Structures are given as structure tokens and as C-alpha cells.
Amino acid sequence: MSDGLLPKGYTFHELEPHWYDFWVKQGFFQAKVESPEPPYTIVIPPPNVTGQLHMGHALNNTLQDILCRYKRMKGFDVLWVPGTDHAGIATQNVVERELSHEGLSRHELGREKFLERVWIWREKYGGIIINQLKRLGASCDWSRERFTMDEGLSAAVRQVFVSLYREGLIYRGRRMINWCPRCMTALANIEVEGEELDSHLYHIRYPLVNGQGSLVVATTRPETMLGDTAVAVHPDDPRYRNFVGEKVLLPLAKREIPVIGDAYVDREFGTGALKITPAHDFNDFDIGRKHQLDVVQVIGEDGTMSQEAGSYAGLDRFACRKRVLEDLEKEGLLVKVEPYRHRVGHCYRCKKVVEPSLSLQWFVDTRPLADVAMDAVRTGKTRIVPVKWEKDYFNWLENVEDWCISRQIWWGHRIPAWYCQECGHLMVEMEAPSACAGCGSGRLEQDADVLDTWFSSALWPFSTLGWPEDTADVKKYYPTSVLVTGFDILFFWVARMMMMGLHFKKEVPFRDVYVHALVRDAQGQKMSKSKGNVIDPLVVMDRFGTDAFRFTLTALAVQGRDVKLSEDRIEGYRHFVNKIWNAARLVLMNLEGLNDLVDIPQKLDSLAHRWILSRLRQVSLEVDEALEQYHFNQYAHALYHFLWHEYCDWYLEMAKADFYGEDPERKALARSVAVRVLERILLLLNPVMPFVTEEIWQKLPQTSGSIMEASLPEPEPRWRDEDAEEKMDVLMAVITGIRNVRGEMNVPPATRVEVVCLCEEDSSRRILDEYASTVTDLAKLAGLKVGLVGEMQKPRMAASTVTRRVEVYVILEGILDFESEARRLEKELTRVEQEFSITQRKLSNEDFLGRAPQEVVEKEREKGARLGEKLEKLRGHYERLKTLKT
RNA sequence: GGGCGGAUAGCUCAGCUGGGAGAGCAUCGGCCUUACAAGCCGAGGGUCGCAGGUUCGAGCCCUGUUCCGCCCACCA
């Protein structure tokens, strides 16, 4: 498999598509339902068919892919179900816009022809986002790709609708709903986004019919006064108490309407008199019902004024507002206009102001379903991670209102309800009935409305597996293991999947819900086209490679914190990809033409090998822990640090001596350990960086096939080696100490110097003796003398430091600059003195000694002793320097 | 109005059950050392938002407070 050398650079442009195609062809992404392996299941949050891959998708799917690839390596039968959502309103809007370019409207085309057009559009563009997910490397089981309007999923929708209807959990009723005059449909409450706007509060005078004065009401929507059917005051309000029961003359409309008393009215707000428009306000509707008021609908479906608005009929609602104000002004009834900032509901699809409206719609009685959904989380059947989202989940479900599920659009699942044109009988059935169950008439008409997109999404975890059929997939893969999603659809989607899953499967849809953050720009601003701060994932992948991009998202994916992304960060992590590549190059270079790899022996003598294996084991454990806990950033950082600053900076540097040395046995062992560790690093990194790890894997000797076929071994307990880690710490500290002195004393790297190390302990002396050549290589020495303190003469012309109970003298015969060495030592002395005095203060504190745990006190004592010793030695060095100088 | 999150180095952020303030980037100095200048070796830089409290000990716990962000809510 190995052809030795890696090319100088990693060319992701060619390699990424190459390996992705290879994986798909090999069927590595396919779940094996008949396999005995335990299932690990994720259903993708289906992107809208109209979607283009944005940063949110990229983060969401990178995290899912990491989990899937990791679990696959650990021996699970992984199923990641992909698919897209038909996105009712969004898609209809897109196709309507396309039509309008041809000068057509959907109404001109007619329902059937329009739907044909949408399907054509879907054929043409529906695959875009899917291909973009592939570009991202998503290891979905494409053989199981689903679409919410597939035949199977549509059957599930009908089944659920009919069942809930028969159970009395779906009903049809005339209610106040939010109406979008642009999209011309009802919306569910959560589909309305409240946005704060600078507006005005208009004070309008309503004269009493009896001529005995007037009432002034305050409103933000003066045009709705045309639909007023009462004025309400607080029954205990001394200002207005006497008006209750009287009538006022509604200006402009010239209708007489009653003054009613209702405790709902806030005496403090506005004028304390409230105009009541039951047809266009949720509260007014309730009050209207309580007082049996007339309902006058003055705003039509398209946002223009209705016939009821009299002379204002046909005007756009906002034009009407202007006219109403002008007319009131003329009549001297506009008392006051004050600036007022308040929240106005906007359609979440088209962002236009919605109108509360009275309308006949279908609803889900959510309460019973919501209670079960709450219980499942309360009892831990589903775990929400991070837990803080549980609060939002509960809060929403506790206050949830009935869900308006009918939409007056054409693209979507048609409501399976038929009305008899003869007797008006309503039938809700899976399939179109042929005759009226009431009167037998064949003149039946199906309800014109379609279902809310989120209705079918709510079934996604089981409808995609084949439900209502009792398929093998349903049996094996439900409940799913985890749902990975953004918090923005916690209510829209997650809560409703919980309700539907529990109701129809009697089992939660997922064990875990991992809620990740939003991706923002470098300044923390939400990315939006209008702000022009959008970073396009496709552009990023093109520039920096998919692996670098994925790694960046992962490294930044901290629980509970938004991801602030900038191209600089991605560029930084591209360097990491490069680092892996070059580490692999080094290792492979030294394998070229040789095939002497050996198994790692049970007992190793070499400190470097023992150390790196011990560290590798530790990092493997950290990785596993991090991924199990969904701490994606920790996963990324652990590997980043290990590969770069342990494997490359220390281990490979030390191994070079063996690589280039003459001893064939040492050579073979070093090569073998280097390769084994590299293999393991590749495996651990593979979930986040699938492409580059595959490419390198393929070049390694003794690996067969794809990295996707490899399994990740358990971290070997026998590799744990505290002794090696301690010894390496000594070695690294001494080497760093020498480098430090060299750097500060401006000794050029090319200049090799003599070093003398005086050790306090025999153990350190032995380590330094044994690894003298390592120290010499890595610290660029001409020679190294090691001895115990007292055994050996302290060198004269030397810069010095103390570390790990080792006195390090860098001999600078003839080039020692006394002044700068003195300054350097003074600086170090000051620092150590400060640290030392802190520990001394603690150790002389009776309370500390008495109350702190023994081990903490002991630790402090050791630290004090260490610092004291170090301080003493440094002082000695400083004194000697002064005498030497003179 | 209610709730939540954040405030730690110049920037972006880690910091788990209280016990030696960390990383990456940026900055400064030195290096083309035969894997990598997309690199190597060093260095500097912090009153952990502010004020109290608990504790032998607080970035971490409690109270208050300021600023920023988000979510929810029918005061017109």
C-alpha cells in the first residue's frame, strides 16, 4: 500500500472529491441493519430544499459527522439519515418569485400547474444543498435519503393527522390567529417574530353620544378603529366609571358603540380607555367574546381594507392608517401623538408585519402532548445538553398554546379532510372517500389548505425509518441516539418531535439532544446578507480546505457560547493541517524503502517511546471523554496540542537521532513507534479531518484499505507510564532552561556551547547522563557535563539557571556579558522571591495550617522548599557573578 | 415585564468538584537547523467588569451593581 514519500504539499482540491467518491462507492456510509453491531443513529435536521449551505449548516453537520465517524470507528452500526424539508412557505415563495419574472402569478397558473412547477423546481435545485453537504464530507447514508414530501413520509403525515383527529387532539375552529398578508396564510404563534419598532401612540377622541363629553383612547394602529365595537375602561376607574353603559360615536365610521367596564384595562397605560377591535387583536377578541360584542373585520387577507371599512375599502392597511389620521386631524379628534417604541409581529418567512385575524383553521390540542414531552425530559429519558436549554424547553411547553397547523398555501401536505358539498358533513380519512358518510353524495371537496411544514418535520425521526410500516429500520434505529441542532429550532422542531415521537412510538425520539450555538462573525454579529458579513462555507472550503474548516468549527464549538468565526482562525488551523502533513512526511521519509517495522515490545527502554505512548494513551482517553460529553472544542484542542507540541516538538525531534543513527535495532523501533503513534493520531483526528487523514493513511505501511475500515483500539492501559512522564519533564525542563538562557543571552543558534548540569538528585543525574546526546542535540550543545552538586566544580564564565533541582550552567567563555547576565539573574530572582514570599506567608498562617486539608498544606510545603532552594542557588549564582566580574 | 448567557492578556476565548492565572492569534527578539518560514527557538503582556460577603484560601460560591447579547410575554 505504501509508496513511500508524500508530496511536498497537501493538495486538498483534488483529494477531497476523490476520497469522498471512494467512500461512497465503497458503501462505508451505509448502515447495516442486519449486522449484530449496536446501532448509533442520528437523523439530520433536514435543510430546506431551497437552502444553500451556510455556516449554521456547516457547524451542525460537522458535529454530527464527527460523532458518526467516531462511533463507526468504535464499532457501532452507524446510521445517519439525510434528507431535505419541503419548506412550505419558503419554497412556495421562491417559485412564486420565479413565476413573477415571467409575469405570472400562481393564481393565474392554477393550483395543479403551480405544484407541477414546484416539483420541477425541486428536481432542478433540490439537490444543491445535498451536494454541499457532501462537499463538507458528511458521511450520511445516502441510500436512505428522504424528503418530507416523499410518498412514505406523506403517508406518515396522513396517518398522524387522522389518528390525532380521531383522538380529538386535532380540531377545526374559528380563532384568532396571526395572518401574514404577504404570504396570505395563517401562521403559528412561534412563526411570528416580535421586533421592536419606533412607532407612535395616537390619542383619539371618541365623543359620547349623549353629548356629555368624550373618551380619549390610545392606539398604535389607528386604522383598526374602523373595526371597533366598544371602548373599555376599568370598572373602578373614577375618571370613567360613570361612562360605563353609555355609548360613544365611533369617529369616521359614525357607528355607535358601547362603553364597557372590564378589569383587563390598565388604568395607568395611555389614557386608561381602550378601544376594542375584536376582529384584529387577541385581547380584544377575548374581551369581545366576554361582552358579546360584534366582530367587524376591516382588514382583508391581502392587507387591504375590506368593504367593512367603508370609504377606506381597498386601501392598503398602512395607507389607510395615514388617511385615518388625516381625517381625524381634520375633525379635530386627534388629540395627541407621542413617540412610542414597541414590539410588532413580523412573519418569520417574509418579515412583513402580520395582522392578528379571526379565521377558521385547524389546530393541534397541544397540552396533553406537551405534558408527556416534558415528563420525558424531567425523568431523563431524553437528556438535553447543555442542561441550560432544559429550562427554555420546559418554559415553552408549560405555556404552549394550541398549534395552528393549517396554511393557506399550495405547497405542502394537503389536509386529509373532505367536505360534503350537499350536507356539509366533514370526513377526515387517510385516502379520499368516494361518497359522503352522511348523505351518500359523491360531491366531496378536499380541504384547500396544507399543513404547516413543521408538522411533517415533527415526524422525521420515525417517518424517515419507514413508519407507519413496522420496518427493520424502525425496529433497530428508533429511538435515535442523539439529535444535534441549533437552539433556534428548539421549539419549532425539537419539542414537537418529542411530542409526536412519544405519542406515536411511545418512546422518546432521541436519547440526547445536543444543542449547539450560532455561528457569528468575528465581531459577534449575526451573519446576514444585509450586513454583508456572511462568510460562505463553500468559499472557505475552497480557499483553506474542508479539513481546516471543519477543524476550526470544532475547535470553536464551546458549549453555551456562540462561535465567532473569522477567516484568520481558519487560516490558523490550516497550518495545523499542514503540520500533520509534514509530520507524516518526516515519518514516511524515514521508512522509504525499508520494511523493518516491528511490533511495539511489551517492555521499552527508550524514554522517548515510553513517554509518547503514555501521553498518547492519556490523550485517547481525553478524546473519548470529550466526545462522549459533546465537548467538541476539548476534543480538537487535545489533539492539536498533542500532535504539535508533544509528538512533533519533542518526540519526533528526539526520534531523529535514531532515524538517522547507525543502530538498526534502534532505528527499527523508533520508526515503528513513530508510525504507530501517527496511525493512532490519524484515527483520532479522522472524525474531524476525514480527508487528510485518509490520504496519509493510504500511504502508511501495513495499513490495508481505507481509514474508514479501521477500528479504533481501546487506549492501552500498559502504555501508562508515570515514571517516563516524570523523567521527560526533567529532560524537557533542562533543555528549555538552556534554550531560555541562550535566547536571553543572544547566543546564536548556530553557536554550540558547553553546558554543565549539577543535580541535586542522583535520579536526575542519571537521566541527563543517559540522554546527554538528546540534550546536546535539542539544545545545540558542544558538550554536556553532568554531576551531582558538590561533586563537580561550578564553572566560572557561565550564564546559569535553576530548574527541577538542576543547576544549569551555560558556559560562555570569553563571550559572557556580565551586565546582561546580572540583569537576567536579577529578573529571575525577583520573580522567584515573589513566589517564595507568597508560599511563606501561607505557611506561616496558623489558620491555613490548621484548616486547609493536609495534602494542600503538604503541597505548599514542598513548593516552599523547592522555591527556597531555587532562590538560594540563584542568589549564589548572583553573588558569584559579582565576584567573578571583579 | 420575566428569564438566560457573557464580561479573564492587544484580539478571540479555555479554565470541570474553590487550593500554583492558560491557549491560539497578534506583538517583540533570534534563526532558511536536511518534515514543515503555513516553520523553529525564545520573550514580554492580566486589580479575572465593579462593590461587598462567605472561606485558612475566590476567576470559580453568595448578594448587589454596571455594560453587552439573546430568548420569552396580549399593556392598547
Side-chain angles (χ1 to χ4, degrees), chain A residues 6 8-9 176 190 194 201-202 217-221 224 232 264-266 268-277 281-286 340 342-343 345 356 388-389 391-392 395-396 399 487-488 490-491 517-518 520 522-526 548 555-556 558 560-562 564-566 568-569 571-590 629 631 633-634 637 640-641 645 648-649 652-653 656 660 736 739-744 746-750 777-780 835 838-839 842 845-853 855-857 859-860 863 867:
Chain A
L6 287 178
K8 179 121 176 117
M176 280 306 284
I190 52 171
L201 191 59
Y202 303 96
V217 300
T219 181
T220 55
R221 297 189 295 156
T224 62
Y264 167 78
V265 178
D266 180 350
E268 309 297 319
F269 189 89
T271 60
L274 173 63
K275 63 190 268 317
I276 302 295
T277 324
D281 186 279
F282 282 85
N283 296 310
D284 291 9
F285 178 72
D286 290 342
Y340 186 60
H342 70 135
R343 284 169 68 95
K388 69 163 179 165
W389 294 109
K391 204 172 239 177
D392 290 68
N395 188 44
W396 187 73
N399 301 305
F487 58 79
D488 48 334
L490 193 60
F491 310 143
L518 244 47
R520 297 171 178 279
Q523 278 71 45
Q525 299 284 309
K526 215 166 174 171
L556 299 182
V558 179
R561 193 132 172 169
D562 282 343
K564 285 188 200 161
L565 191 72
S566 69
D568 290 351
R569 304 300 291 257
E571 189 171 0
Y573 286 117
R574 184 184 53 168
H575 300 171
F576 180 59
V577 177
N578 191 246
K579 192 73 184 177
I580 303 164
W581 185 257
N582 281 298
R585 278 188 76 209
L586 172 67
V587 172
L588 287 168
M589 248 173 212
N590 286 289
Q629 305 289 327
H631 288 145
N633 63 319
Q634 288 177 13
H637 286 304
Y640 181 97
H641 185 266
H645 298 300
C648 289
D649 287 354
L652 287 182
E653 289 306 323
K656 277 178 183 172
Y660 305 144
T736 304
R739 285 170 173 172
N740 189 321
V741 169
R742 292 182 58 126
E744 295 215 2
N746 285 316
V747 181
D777 283 352
L778 298 191
K780 296 268 186 275
E835 279 187 63
I838 291 170
T839 60
K842 274 193 183 178
N845 182 343
E846 287 302 321
D847 286 328
F848 174 72
L849 296 175
R851 294 180 192 247
E855 61 204 52
V856 174
V857 175
K859 233 169 116 186
E860 202 63 29
K863 185 178 163 192
L867 285 171

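So you know, we letter chains A, B, ... as the sequences are listed, proteins then strands, and number each from 1. Everything quoted here is computed from the prediction, not taken from an experiment.
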Sub-4.5 Å side-chain heavy-atom contact between A:Val587 and A:Leu652: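 Side-chain contact under 4.5 Å: yes.
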A:Glu571 side chain reached by A:His575 side chain, heavy atoms, under 4.5 Å: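 A:His575 reaches A:Glu571 side chain to side chain.
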What integer distance in Å separates [X]:[atom1] from [N]:[atom2]?
{"X": "A:Leu518", "N": "B:rC70", "atom1": "CG", "atom2": "P", "answer": "10 Å"}
{"X": "A:Asn283", "N": "B:rA73", "atom1": "CG", "atom2": "C1'", "answer": "11 Å"}
{"X": "A:Phe282", "N": "B:rC75", "atom1": "CZ", "atom2": "C1'", "answer": "16 Å"}
{"X": "A:Phe576", "N": "B:rA38", "atom1": "CZ", "atom2": "P", "answer": "18 Å"}
{"X": "A:Lys564", "N": "B:rG24", "atom1": "NZ", "atom2": "C1'", "answer": "15 Å"}
{"X": "A:Asp392", "N": "B:rG5", "atom1": "CG", "atom2": "C1'", "answer": "10 Å"}
{"X": "A:His631", "N": "B:rA23", "atom1": "NE2", "atom2": "C1'", "answer": "17 Å"}
{"X": "A:Glu860", "N": "B:rG20", "atom1": "CD", "atom2": "P", "answer": "7 Å"}

Which residues pass the ring-ring contact (aromatic ring centres under 6.0 Å, His included) test with A:Tyr202, sequence neighbours left out?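 A:Tyr202 satisfies ring-ring contact (aromatic ring centres under 6.0 Å, His included) with A:His200 once adjacent residues are dropped.
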Of all residues at least two apart in sequence or in a different chain, which pass the ring-ring contact (aromatic ring centres under 6.0 Å, His included) check with A:Tyr640?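 With neighbours one apart ignored, the set is A:Tyr573, A:Phe576, A:Trp644.
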Do the side-chain N or O atoms of [X] get closer than 4.0 angstrom to the phosphate oxygens (OP1, OP2) of [N]?
{"X": "A:Lys780", "N": "B:rG30", "result": "no"}
{"X": "A:Lys391", "N": "B:rC4", "result": "yes"}
{"X": "A:Lys8", "N": "B:rC36", "result": "yes"}
{"X": "A:His575", "N": "B:rG39", "result": "yes"}
{"X": "A:Tyr573", "N": "B:rU12", "result": "no"}

What protein N or O atoms touch nucleotides 54-57 of chain B N or O atoms at under 3.5 angstrom, if any, and at what distances?
unit_1 : atom_1 : unit_2   : atom_2 : d
B:rC56 : OP1    : A:Arg851 : NE     : 3.0
B:rC56 : OP1    : A:Arg851 : NH1    : 2.4
B:rC56 : O2'    : A:Asn845 : ND2    : 3.3

Could you measure between the two [atom1] atoms, the one in [N] and the one in [M], and give it in whole Å?
{"N": "B:rG24", "M": "B:rC40", "atom1": "P", "result": "11 Å"}
{"N": "B:rC28", "M": "B:rA9", "atom1": "C1'", "result": "15 Å"}
{"N": "B:rG46", "M": "B:rU12", "atom1": "C1'", "result": "16 Å"}
{"N": "B:rG15", "M": "B:rA23", "atom1": "P", "result": "15 Å"}
{"N": "B:rC60", "M": "B:rG44", "atom1": "P", "result": "27 Å"}
{"N": "B:rG57", "M": "B:rC72", "atom1": "C1'", "result": "41 Å"}
{"N": "B:rG20", "M": "B:rC13", "atom1": "C1'", "result": "22 Å"}

Given 3.5 Å as the limit, does a donor-acceptor pair link the side chain of [X] with the main chain of [Y], or not?
{"X": "A:Asn582", "Y": "A:Arg585", "result": "no"}
{"X": "A:Arg742", "Y": "A:Lys780", "result": "yes"}
{"X": "A:Arg569", "Y": "A:Ala555", "result": "no"}

Using a heavy-atom cut-off of under 4.0 Å over every strand shown, decide if [X] touches base, sugar-phosphate, or nothing.
{"X": "A:Phe487", "answer": "nothing"}
{"X": "A:Phe269", "answer": "base"}
{"X": "A:Arg742", "answer": "nothing"}
{"X": "A:Arg221", "answer": "nothing"}
{"X": "A:Val577", "answer": "nothing"}
{"X": "A:Tyr202", "answer": "nothing"}

Between the base of B:rA35 and the side chain of A:Glu653, is there a donor and acceptor pair under 3.5 angstrom?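 Yes, a donor-acceptor pair under 3.5 Å.
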Please list each protein N or O that sits under 3.5 Å from an N or O in nucleotides 41-43 of chain B, with the distance.
unit_1 : atom_1 : unit_2   : atom_2 : d
B:rC41 : O3'    : A:Arg739 : NH1    : 3.4
B:rG42 : OP1    : A:Arg739 : NH1    : 3.3
B:rA43 : OP1    : A:Asn740 : ND2    : 2.8

Pair A:His637-A:Asn633, side-chain hydrogen bond (donor to acceptor under 3.5 Å, both in side chains): steps then yes or no: CA-CA 6 Å; A:His637 286 304; A:Asn633 63 319; 5.1 Å; no
Can A:Thr277 and A:Lys275 be said to form a side-chain hydrogen bond (donor to acceptor under 3.5 Å, both in side chains), step by step? CA-CA 7 Å; A:Thr277 324; A:Lys275 63 190 268 317; 3.0 Å; yes
List RNA chain B stems (3 or more consecutive Watson-Crick/G-U pairs, under 3.5 Å)?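 Correct response: B:1-7 with B:66-72, B:10-13 with B:22-25, B:27-31 with B:39-43, B:49-53 with B:61-65.
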Kindly write out the residues that satisfy side chain to side chain donor-acceptor pair (under 3.5 Å) with A:Asn395, not counting sequence neighbours, or none if the list is empty.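 A:Asn395 satisfies side chain to side chain donor-acceptor pair (under 3.5 Å) with A:Asn399 once adjacent residues are dropped.
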